[in-house]
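Residues take their numbers from the sequence shown, with the count starting at 1.
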Amino acid sequence: MFRSRSKDEKAPTDKVTADLSKQPRDPEAPKGRPTPKRSEAQTQRRRAQSTPLDRKEAMRRQREARRADLAKQRQALASGDERYLPARDKGPVRRFVRDFVDSRFCVAEFFLPLAVVILVLSMVRIPQLQNIALLLWLGVIAMIIVDSIGISIRLKKQLNARFPNEPKRGAVAYALMRTLQMRRLRLPKPQVKRGERP
């Protein structure tokens, strides 16, 4: 009962003739393939159950999966969870860039409030105020350009020092786009305070 099988018994019975296939299989005879593990059999059963029956069902499941992914991404953007962030925000380089920008004051982040003030001044029918509004436009744009150049130079140095072997393509543009957003509206949310070193 517990003895090992002889070599003849272990030999697979792959050669089945056509007339034997018509006869019922003997329950004692080997089946010619290994028994699948329980986990494999269960996953095959689940796959068979989860396959959609029609196109509408497949589309509905795809929409639900997309909705769940987007909800996870929104939550990750609010909390800074790296696992579910969009591809453009993932990785240590992008995290450092975000922290680098969030740790300092940037002129570009005040562009929207300044633009509203300048627009109101330019709409007033007093010529002197309109001239001041024009000069303010030029001054704000010049300050944003100078500040952006300074940020990009410092950021490139920091990235080359901290991540010499990591791909850094698009990191400076990512930083400059983040400076244009007001700190409160930035996504992913800032994880460092102003003045903190990233």
Side-chain angles (χ1 to χ4, degrees), residues 39 42-43 46-47 49-52 54-122 136-137 139-198:
S39 60
Q42 285 174 345
T43 53
R46 279 193 208 110
R47 253 189 234 133
Q49 288 173 352
S50 66
T51 53
D54 59 350
R55 193 165 169 261
K56 281 186 179 178
E57 179 68 18
M59 293 297 284
R60 187 182 64 77
R61 286 186 185 178
Q62 197 174 16
R63 270 197 308 273
E64 285 175 2
R66 197 179 311 125
R67 219 175 273 139
D69 288 344
L70 286 172
K72 282 181 184 176
Q73 276 188 6
R74 274 195 299 274
Q75 194 173 3
L77 286 170
S79 65
D81 187 2
E82 283 276 334
R83 292 173 297 171
Y84 303 113
L85 285 177
R88 71 183 172 96
D89 297 316
K90 275 187 181 174
V93 173
R94 296 297 167 111
R95 176 183 272 285
F96 175 76
V97 168
R98 287 195 301 272
D99 292 346
F100 182 85
V101 170
D102 295 337
S103 66
R104 62 190 68 236
F105 281 99
C106 305
V107 178
E109 71 182 280
F110 301 110
F111 175 72
L112 282 176
L114 287 171
V116 170
V117 170
I118 293 168
L119 195 64
V120 169
L121 285 175
S122 65
L136 279 174
W137 268 123
V140 167
I141 290 169
M143 286 192 312
I144 288 173
I145 290 170
V146 169
D147 191 39
S148 299
I149 291 169
I151 285 173
S152 60
I153 290 170
R154 284 187 300 248
L155 182 60
K156 279 181 187 174
K157 282 182 185 175
Q158 293 272 343
L159 286 173
N160 289 332
R162 289 192 185 216
F163 306 101
N165 301 323
E166 294 276 334
K168 296 174 278 294
R169 188 172 177 216
V172 174
Y174 180 72
L176 294 178
M177 288 303 294
R178 194 165 174 88
T179 60
L180 285 170
Q181 300 164 344
M182 294 174 72
R183 184 182 167 89
R184 203 175 286 176
L185 304 177
R186 290 177 186 165
L187 289 174
K189 295 279 185 196
Q191 302 293 317
V192 293
K193 294 178 182 175
R194 290 196 199 269
E196 257 184 59
R197 284 199 161 196

(request) Of all the heavy-atom pairs spanning Ala171 and Val93, show the shortest one and how long it is. (result) CB-CG1, 4.1 Å
(message) Check whether Glu82 reaches the backbone of Gly91 with its side chain - one donor and one acceptor, N or O, closer than 3.5 Å.
(response) yes
(request) Answer yes when Glu64 and Arg67 have at least one side-chain N-carboxylate O distance shorter than 4.0 Å, and no when they do not. (result) no
(message) Looking at every non-hydrogen atom in both residues, tell me the closest pair between Leu77 and Pro86 and how far apart they are.
(response) CD2-CD, 4.0 Å
(message) In terms of relative ring orientation, are Phe163 and Phe96 parallel, tilted or perpendicular, with 30° and 60° separating the classes?
(response) perpendicular
(request) State whether the number of non-hydrogen atoms from other residues, nucleotides or ligands found under 6.0 Å of Glu196 atom CD is greater than 12. (result) yes
(message) Which residue in the set Arg94, Lys168, Arg98, Arg88 passes side chain to side chain donor-acceptor pair (under 3.5 Å) when paired with Tyr174?
(response) Arg98
(request) Starting at CG of Leu136, measure out to CG of Leu119 and round the result to the nearest 0.5 Å. (result) 12.5 Å
(request) Please answer whether the main-chain N or O of Lys189 pairs with a side-chain N or O of Gln191 as donor and acceptor at a distance below 3.5 Å. (result) yes
(request) Please round to the nearest 0.5 Å and tell me the distance separating atom CD1 of Ile151 and atom CZ of Arg178. (result) 12.5 Å
(request) Check each of Glu57, Met59, Arg63 against Arg61 using the side chain to side chain contact (heavy atoms under 4.5 Å, CB included) test, and report the only one that passes. (result) Glu57
(request) Give the intermediate values and the outcome of side chain to side chain contact (heavy atoms under 4.5 Å, CB included) for residues Arg154 and Lys157. (result) CA-CA 5 Å; Arg154 284 187 300 248; Lys157 282 182 185 175; 5.8 Å; no
(request) Look up atom OG1 in Thr179 and atom CZ in Phe100, then write down how far apart they are to the nearest 0.5 Å. (result) 11.0 Å
(message) I'd like to know if the side chain of Arg194 and the backbone of Ser103 have a donor-acceptor N/O pair within less than 3.5 Å.
(response) no
(request) Return the minimal non-hydrogen interatomic distance between Asp147 and Cys106, and the atom names on each side. (result) OD2-CA, 3.5 Å
(request) Using a cut-off of 6.0 Å, state whether more than 12 heavy atoms not belonging to Lys90 lie near its atom NZ. (result) yes
(request) Would you give the length of the straight line joining atom CE of Met143 to atom CG of Leu114, rounded to the nearest 0.5 angstrom? (result) 7.0 Å
(message) Once rounded to the nearest 0.5 Å, what's the spacing between atom CD of Gln181 and atom CG of Leu112?
(response) 10.0 Å
(request) Using a 4.5 Å cut-off on heavy atoms from C-beta on, say whether the side chain of Pro113 contacts that of Met182. (result) yes
(request) Please assess Glu109 against Arg186 for the test side chain to side chain contact (heavy atoms under 4.5 Å, CB included), listing each intermediate value before the final yes or no. (result) CA-CA 10 Å; Glu109 71 182 280; Arg186 290 177 186 165; 3.6 Å; yes
(request) Measure the OG-CG distance between Ser148 and Leu155 for me, rounded to the nearest 0.5 Å. (result) 11.5 Å
(request) Under the side chain to side chain contact (heavy atoms under 4.5 Å, CB included) rule, what do Val146 and Val107 come out as? Steps first, then yes or no, please. (result) CA-CA 9 Å; Val146 169; Val107 178; over 6 Å; no
